[in-house]
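What follows is a single structure, written as C-alpha cells, with notes after it.
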There are 2 protein chains.
Amino acid sequence: MQKKKYHGPVEATADILSGRWKPLILWALRDGTLRFGQIEEELSAYKPNITQRMLTKQLRELENDGLIARKVYPEVPPRVEYTLTERYRSLMPIVEQMYNWGKEHMADRIEHE
Amino acid sequence: MQKKKYHGPVEATADILSGRWKPLILWALRDGTLRFGQIEEELSAYKPNITQRMLTKQLRELENDGLIARKVYPEVPPRVEYTLTERYRSLMPIVEQMYNWGKEHMADRIEHE
DNA sequence: CAGAATCCACCAGGATACTG
DNA sequence: CAGTATCCTGGTGGATTCTG
C-alpha cells in the first residue's frame, strides 16, 4: 500500500499520531514490552472500551509507520508482544508532554484515571 | 455546551489537538497574531485546501478549549485576529516537537512545504 | 490468546452558495 | 473580509460473531 504523502512536518507527525487509541497505546508502551492482552487491559479504563478489532487496526498502523515492533512467539496459545522501536523512541517526549500538559491544564476535565 | 470529559491526561491533550487543521493552525500562530485570511493563506499549501467553514470551525474549537484568543475589530471591512493565549503557550513545545520530529523522521514522505 | 470477518452508524470534513 | 447556511460523502470507529 502506497504511504500517504504530506506537505509539512507538523502535518506528517500529527497524522501519524491521529487515531482514537494511538497516543494511548504509545503511552501504555512507555516502559517496555506489552502483550496484546495487556494493552487491551491498560486501555480498559477508557470508554467506549476498545474492541479487539480496533486494537489490532491501530497496532498495525503504528507498526506500518515504524513506531512499534511486533514479535510473535510460535506457541499455543499464541503470544504476541509489542515494543516501541528504538528509532522511534524519540517520539516519546511528545506523548510525555501530552501527559504532563494534560495533567496540568485539563485536570478539571479528567474524570478518574 | 457541556465539555467532554476524559479518563486520562494523554487522552485529553490528544483530543484537544485532534482535528485535521488544528496542529497546523497552532503552528501557523507560533510567532504571533494572524488574521483570519492570513491563516487561510498559510494553510493554502495543504490539500485539499481548507474551506472557510472548516477554518471557522476549528478556530472556534481551539478558542473553546482556551488555546487561542479571538479579537474582533469593529471596522468595515471586518478584521479578526487570532493569537495563542498566554496560558496555553505551554502547548507550543509539543507542536514544535511535532515539527522537529517530522522533519527528521518523515522527510521522505513530505512533498514540498 | 490474539486475532479475522462482517456489518453498520455516525460525524468530521468537504463542496458550494450566500452575506453583514 | 470573515464569516453562515446547506447539503453531502467517506471512512473512522464500534458491535458482534467466529477461529487457528
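We name chains A, B, ... by the order of the sequence lines, and we start the count at 1 in each one. A quick note: this is a predicted structure, and the numbers were derived from the prediction, not measured.
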Rounded interatomic separation in angstrom, taking [atom1] from [X] and [atom2] from [N]:
X	N	atom1	atom2	answer
K57(A)	dA4(C)	NZ	P	13 Å
I50(B)	dG3(D)	CD1	P	12 Å
L43(A)	dG14(D)	CG	P	11 Å
E11(A)	dG13(C)	CD	P	13 Å
L55(A)	dA4(C)	CG	C1'	14 Å
K47(A)	dG14(D)	NZ	P	13 Å
R79(A)	dG3(C)	CZ	C1'	16 Å
Q52(B)	dC7(D)	CD	P	19 Å

More than 12 heavy atoms of other residues, nucleotides or ligands under 6.0 Å from CD of E63(B): is that the case?
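Yes, the 6.0 Å shell around CD holds more than 12 heavy atoms from other groups.
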Does CD belonging to E86(A) count more than 12 external heavy atoms closer than 6.0 Å?
no
Under 4.0 angstrom between [X] side-chain N/O and [N] OP1 or OP2:
X	N	result
R70(A)	dG3(C)	yes
Q58(A)	dT12(D)	no
R60(A)	dA4(C)	yes
R20(B)	dG10(D)	no
Y46(B)	dG14(C)	no

Test L67(A) against every option in L29(A), L59(A), I25(A), I16(A) by the side chain to side chain contact (heavy atoms under 4.5 Å, CB included) rule and name the one that passes.
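The single option meeting the side chain to side chain contact (heavy atoms under 4.5 Å, CB included) with L67(A) is I16(A).
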Proximity to DNA chain C (any heavy atom under 4.0 Å), residues of residues 32-42 of chain B only
none
Would you confirm whether Q38(B), through its side chain, and R35(B), through its main-chain N or O, come within 3.5 Å as a donor-acceptor pair?
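Judged by distance alone, yes, a pair lies under 3.5 Å.
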Measure from the side-chain N and O atoms of K71(B) to the backbone N and O of T83(B), and report whether any donor-acceptor pair falls under 3.5 Å.
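No.
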Under 4.0 Å, heavy atoms only, any strand: does Y82(A) hit a base, just the sugar-phosphate, or nothing?
sugar-phosphate
Which part of the nucleic acid, if any, lies within contact of P78(A), taking any heavy atom under 4.0 Å across all strands shown: a base, the sugar-phosphate backbone alone, or nothing?
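Counting heavy atoms under 4.0 Å across all strands, the contact made by P78(A) includes a base.
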Please work out whether the ring planes of Y88(A) and W101(B) are parallel, tilted or perpendicular, with thresholds of 30° and 60°.
tilted
Is the NZ or CZ atom of R79(B) positioned over Y73(B)'s six-membered ring, under 6.0 angstrom from the centre and within 45° of the axis?
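Geometry flag: set, cation within 6.0 Å and 45°.
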With the side chain of R53(A) defined as its heavy atoms from C-beta on, choose the nearest nucleotide among dG14(D), dG14(C), dA4(C).
dG14(D)
